[in-house]
Amino acid sequence: MTAKFKTNSIPNLNIEYRPLELEKEIREFWQENQIKEKLMEFKQENNNGITGWVEGPPTLNGIPHVGHARGRAMKDLRYRWKSMQGFYMPFWAGWDCQGLPVELEVEKLLGVKNKRELLERVGEERFIQECKKAIMKYQRAWVEVDRMLGVFIDQEKAYWTYLDDYIEKEWQYLKRAWDQGLLEEGYYVVAYCPGCQTSLSSAEVGYEDSYREVEDPSLYFKFKLAEDQSEYFLVWTTMPFTLITDTMLAVHPDAEYAKVSVDNEKWILVKQRVEPVMQELNIEKYEVTETVPGKSLEGKKYEYPFKDIVPKQAELDKHPLVHRVICEDFVDVNTATGVVHLAPGNGEEDFFAAQKRGVPVFAPFNDEVEFTADAGVFSDIFARDTDEMVVEELRKRGLLVEVKTVKHEYPTCWRSHHKLVWLARREYFLRTEKINEKVVQAAEKVEYFYEGPKNRFLSFLKEGKPWCISRERVWGAPLPVWKCEQCEAKTLVSSKRELIEKAIEKPQGHFELHKPWVDRVTFKCEKCGGTMRREDYVLDTWHNSGASPYARFTKEEFEKYVPTDFLTEGIDQTRGWANTLLLEHVILTGKSEAPYKAFLFQGLAQDARGRKMSKSLGNMIEANKLLQKYSADISRFYMLRKCSPVDFINFDLQELSRRPYQVLSTLYHLSRFFLQNAEFDDFDPQKYTFEWAKQLNELKNPDLWLLSKLQRTIEDYTTRLEKCEFNFALAVLEDFVIQTLSRLYVPMVRKELWTDDPETLGRRQAIYATLHHALKTATTLFNPITPYLSEALYRKVYRRLNPELPESVNFESWPNPEEKMQNKALEEDFQTILKCVSLAYSARQSAKLKRRWPLNKVVVVAPDKLCKALKDNEELLLELANVKTVEYAQTMPEYVSQKDWVSASENDFQVVLNAQRDESLLGEGLMRDLARRVQALRKELGYTPTDVLNAVHVAELEEENTKLLKPYLKEMAELVRAKKVHLHISCEQVEAEWHESQLDEKKIYVSIS
RNA sequence: GGGCCGGUAGCUCAGCUUGGCUGGAGCGUUCGGCUGAUAACCGAAAGGUCGAGAGUUCAAAUCUCUCCCGGCCCA
C-alpha cells in the first residue's frame, strides 16, 4: 500500500453534511468576495440576451413569513438559472412603502384609534416621519431574510415607492389617463365605520373575525306599481334606512315572477318564493293569479313613497330612469322575495347598476354619516338611527307588511366591531371599463403556466369595473389634481417642477411630494383667476406599486426591460399588482400589451394542517426564525419540491428536515466520495477528459449509461423549469442523484475504484472523468435551488481540482443536453440488467442466501432480446448479482430442480439461482462475512477507509470454517486493507484487544491493529 | 350567497386531458437485508369505501349531475 492511502484529509469538507455551518461559511465568502455584485456586473457586460424583471415590492408593514420566503426562492431560482443561461436580468429589489396597511401599523405603534385622533394628536408631519421609520424597520427584516436565504437580489438598486422621483413618474401615468379622459371624479361606495369615523378598505372588510352575528330588522314592505294601483312589489330588507336613498328595484331577468292575490291587492314576487314567504308572513289566504317573466317587468315605474318628506327624491323621481324596475343577474331568487330595492348611495352592487345605466346616485350624507338637508325629515340623524322612523313612515302609508328582527352574519369593523355602513362618497376614478377590451386582450396574450390562476385572472378582468384610485388617507402619493374654489375647473400636474412653477407661493424649506407639504401649494385658476387647491386625496397604494415598470427604471431601461419576460407573485395579487400593472401599462402605452409576457401566480403558505397562517391562530412561521434554525438550502429545496408552485403549500417543519436533507446529503457525500478517490489517484480534470478516456477505450458501458441518463436529466429538468413545474423538475434531479448515481452507478464502479493497482489507473481516471462530469453538472443544475451547497461543492471539489475555474458556480454556464452522448438502446439494456439483478436478489431472499455470498450459477429464462442485453454486459451482471456463471435460455432447462434452485419471476422474465454451495463458495462467502465484520469494527474504532491495518486477528472460528477460509485470506487482507490476516483457535494465543462478534449465531472474536 | 381550486395509504403528493389489465411514488411504521460516500439504498408486510350518492358505459379514481367537506377570492 502506498503512503497516499493514509491521507484522508479533505479540507473543509466535513465527514458530515452540516448545512448550517456550510451556509455560514459560504455567506461570508460571497460577502467578502462580492460575488453577488460581480455576477450582476459580469452579466451586464457579457450576456447573450436580456430578460426583463421588475420586483413586486413587498409592503413594508410586517415581517416576512415562510410564504414570502417561498416566493423569494422562486424569484432567485429564476435569476440564477437565467444568469447561467447567459442572460442579464436586472434583479433589483423594490419596496412598497405607503398606503393603508402601513398607516394602520403605525397607528397601532402610536396607540391611536382612528384617523381623526391621529390628525388631532399626532399631526400629518410627524405621522409621515413615523411611517418612514416603520418601513425602514421592516425593510431590514426583509433584507435579512434575503441574505439568509441566499437571494441574490440587488438591494443597492432597490426602488422605494415613496420617493419623489418615483411619485413623479407615477403622476405621469395619471397624466396619460387625464389626457385620454380616463381620470374622472365621481361617486364610489365604500365601507364606513361609524365608530371609528373612517372609511375602510376592502381588505379591512375582509379581515378575519370581522364577520359577526348581529341583530337587524327584517322588514317586508311593498311599493305600489304606478300603472296599476292595485299591484305592489313585495320587497325585503335588513336595512330600512336605505329606503331613503332608494332609486330602483331589481328583478332577475330569467326568473318567473308571480302575481299573488292577497285581500284586494296583487303582490309581485318571484314564483319559487311564494309559498315560503307567505308562510313566513302567516298569510293563509292567497292565490297565484298570473306569472310573468322577470324580463317583462323591466322599466316598470313604481311609486316611491317618501317624495313628500324627502324633497330631493321628488326631484329625482322626474328622471326617466329613477324609481323603475331593472333586470340584474345578481338578484338572488332563492331568498326573500326575489325583488331587491337598490340604493346606489348605500351599496356597491346597487351603485354599479346605477352607474351602468346613468342613474343618478343619491348620497345625502355628511362626514359623520348623518343625513343632509337633501333627506328632508331625516336630516341631521345618523343613518342607521333612521331605521325605526322609516318603518313608521311605511306603516303610516299602509306599505308595511311585517317587521321582525333577524340574526345574521354581517361585516363589522375589525377594530371597534361596529356594524359597517356602505355609502357613496366623492372619489376619483380611472374609467378603466372604457379600455376593458384592450386590457382583456393584453391579458390573454400572457403565459400563466397553469389554467386555474389564468381563468381566475381573466374572469376578474372581464368584470371591467372602474378603478377608484382616491383614498382619504395621509401616507400615500398625493393625487395631483388641483381644483378651483370658484369655478371648479381642474388641472393635473405631472412633475415636481411643474408644481413649483405653478405655485402662487413657492414652497420654502423642506418640501416633498407628500401631505401636508403639497397641500400648502395653491395655484391661480387660468379660467377665472380664483384659487386652486389640491383635491385632498392620496392615491390607492396599488396605483403606487402598479406604476413600478415605468417609475423604477430610467427611460432607456424601461425600453429594454419592459415588457418583462416573466414575473411572479402570490395568487392574492390577481386583483392586486398583476392587475394594476396591466391597467396602468395599457393606459401608459395605449397598446393592448401587458408589462409582462408571463406571470406565475404562486399559491400561498398554510400551516402543517392546512390552515391559513394568521396572527390570531398563532401559526405564523416567521422566515427569520426559520432560517436561524433550519438550512436555507433545505428550506428552498423543500418549498420548491413539495408541491406545484400554484398549490397552497402546507408548511411542515418535520417534513422539511426529512427527505430534503437526505437528498442534499446524498449529493454531498457523493461529491466527497468522488473527491477522496480522485485526489488519491491525482486525478486532473483537464488532463483526464472524455476524449482522453475514449481514445484509450477506457469508457465502459456503466459510464456511457450514466452519461446518457445525465443528458436526459438535463433536458427534462430544463423543460420542467421552463414550464414552471419546479416540483417535477426537482423530482427529476432527485431521481438522478438518488437512483442513478447513488444507488446504481457507484455500486457498479465501486470495486474498480477499491484498488491502487497501477495497471488499472487508466480505468480509474476514466471513472473519475465520468463522475466528475456527472457530479459537476448536477451541482450546477442544483445551483438555482440550493445555492449554498452548490457553491460549497463547486469550490471545495471542482475548483480544488482545477483552480482555473471561475471563483463561483454562478459563473458556470447552464448545461446543454448533448445528443451524441445519448444512447437509448443502452439505457434499455441497463433496465433489463437491473431488473434481472433485482429478481436475483428477490430469489436469494427467499432462500436466505445473503447477497455477499457468491453463488455458482444463475439461469435467466427470458426472450432473446432481453438475453442479448444481458450477454453484452455479462461482467456487470455477474458482479452485481454476485454469481460466477450465467446461462441464458428460452425455456427452463431440465437440470433445474426445485430442491437445489430458487427462483423469482416477473412477466416473461424468470431468474433461477443455484442454491448449492461447494467448499470454495462457502469459503468465499465466509470470508465476505468476516470482512464485513472487520469493516464494521474499523468504522467503530475510528479508522478511515484508506487507513491500512497492520494485522487482523480472528479467533475461535470452528475448525471446519477455518479450513474453508484459508484459501481466501490474501483476498480478505486486500478487501479490508490489512497487511495480513491471522486466524487463531483461541483468544489466549495472542495478546490483543478482542471484540466479540456474531457469525451465524456463534460467537467469534476479532481484533485489528 | 356567488366564482375558482382542491378532497386518492398515517403524512405529502402523482395518476384524471384521451375511461381498460392487480390504483402508484416518497416519507413514516414493522420485519429482514445491503453498505467504508451516505440520515443513501434493497426486499417484504401492514395500511385505500380514490370525499358521498346517482348517472353514462361491457368497463369509472378518470366523463356527467347532485350533495358534503376544506381553502382562496368576492358578496
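Just so we're on the same page: letters track the sequence lines, and every chain starts at 1. All values reported here derive from a predicted model rather than from experimental measurement.
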What's the gap between [N] and [M] when it is taken at their [atom1] atoms, as a whole Å value?
| N | M | atom1 | result |
| --- | --- | --- | --- |
| B/G53 | B/A75 | P | 37 Å |
| B/U29 | B/C4 | P | 42 Å |
| B/G26 | B/C42 | P | 7 Å |
| B/U22 | B/C68 | P | 35 Å |
| B/U8 | B/C13 | P | 9 Å |
| B/G23 | B/A37 | P | 40 Å |
| B/U64 | B/G28 | C1' | 38 Å |
| B/C16 | B/C63 | C1' | 10 Å |

[X] has an atom [atom1]; how far is it from atom [atom2] of [N], in whole Å?
| X | N | atom1 | atom2 | value |
| --- | --- | --- | --- | --- |
| A/L461 | B/G3 | CG | C1' | 15 Å |
| A/Y668 | B/A37 | OH | P | 15 Å |
| A/L730 | B/A14 | CG | P | 14 Å |
| A/F601 | B/C72 | CZ | P | 18 Å |
| A/I571 | B/G3 | CD1 | C1' | 13 Å |
| A/F728 | B/G26 | CZ | C1' | 13 Å |
| A/Q573 | B/C73 | CD | P | 11 Å |
| A/R933 | B/C34 | CZ | C1' | 13 Å |

Task: Side-chain heavy atoms of A/N650 within contact of A/K642, under 4.5 Å - done: yes
Open item on the list: Once you apply a heavy-atom cut-off of 4.0 Å, does A/R575 come out as touching a base, just sugar-phosphate, or nothing?
Closed with: sugar-phosphate
TODO: Quick one: label A/D652 by what it contacts on the DNA or RNA (base, sugar-phosphate, nothing), any heavy atom closer than 4.0 Å.
DONE: nothing
Hey, what are the protein-to-nucleotides 7-10 of chain B N/O distances that come in under 3.5 Å?
none

Task: Sub-6.0 Å ring centroid separation between A/F651 and A/H65 - done: no
TODO: Step through it carefully: locate the ring centre of A/Y448, locate the ring centre of A/Y450, and say whether they are under 6.0 Å apart.
DONE: no
Open item on the list: Pair A/W467, A/D540 - check side-chain hydrogen bond (donor to acceptor under 3.5 Å, both in side chains), show working.
Closed with: CA-CA 10 Å; A/W467 177 12; A/D540 179 5; 3.1 Å; yes
Task: 5' precedence on RNA chain B between A/R928 and A/C643 (nearest-nucleotide basis) - done: A/C643
Open item on the list: On RNA chain B, compare the nucleotides closest to A/V934 and A/P453; which residue's is nearer the 5' end?
Closed with: A/P453
- [ ] To the nearest 0.5 Å, tell me how far A/E734 CD sits from A/L667 CG.
- [x] 11.5 Å
Open item on the list: Nearest 0.5 Å, please: how far is CG in A/L744 from CD1 in A/I738?
Closed with: 11.5 Å
Shorter than 3.5 Å, N or O on both sides, protein versus nucleotides 39-44 of chain B: list them out with atom names.
from	atom 1	to	atom 2	distance (Å)
B/A39	N7	A/Y661	OH	3.1
B/A39	N6	A/Y661	OH	3.0
B/A40	OP1	A/Q662	NE2	3.2
B/A40	O2'	A/T666	OG1	3.4
B/C41	OP1	A/R659	NH1	3.0

Are the side chain of [X] and the backbone of [Y] linked by a donor-acceptor contact shorter than 3.5 Å?
| X | Y | value |
| --- | --- | --- |
| A/D350 | A/A343 | yes |
| A/T337 | A/L269 | no |
| A/E569 | A/W577 | no |

Task: Minimum-distance nucleotide (side-chain atoms of A/V746 versus B/A37, B/A14, B/G71) - done: B/A37
Open item on the list: Distance alone, cut at 3.5 Å: any donor-acceptor contact between the side chains of A/D929 and A/W853?
Closed with: yes
TODO: Classify the side-chain pair A/S644/A/E725 by whether it contains a donor and acceptor separated by less than 3.5 Å.
DONE: no
Task: A/H772 and A/F674 aromatic ring geometry - parallel, tilted or perpendicular at 30°/60° bounds - done: tilted
Open item on the list: Taking ring pair (Phe, Tyr, Trp, His ring centres under 6.0 Å) as the criterion, tell me which of A/Y638, A/Y17, A/Y668 meets it with A/Y661.
Closed with: A/Y17
Open item on the list: For a stem of at least 3 consecutive Watson-Crick or G-U pairs with distances under 3.5 Å, i pairing with j, i+1 with j-1 and so on, which stems involve RNA chain B?
Closed with: B:1-7 with B:68-74, B:10-13 with B:24-27, B:29-33 with B:41-45, B:51-55 with B:63-67
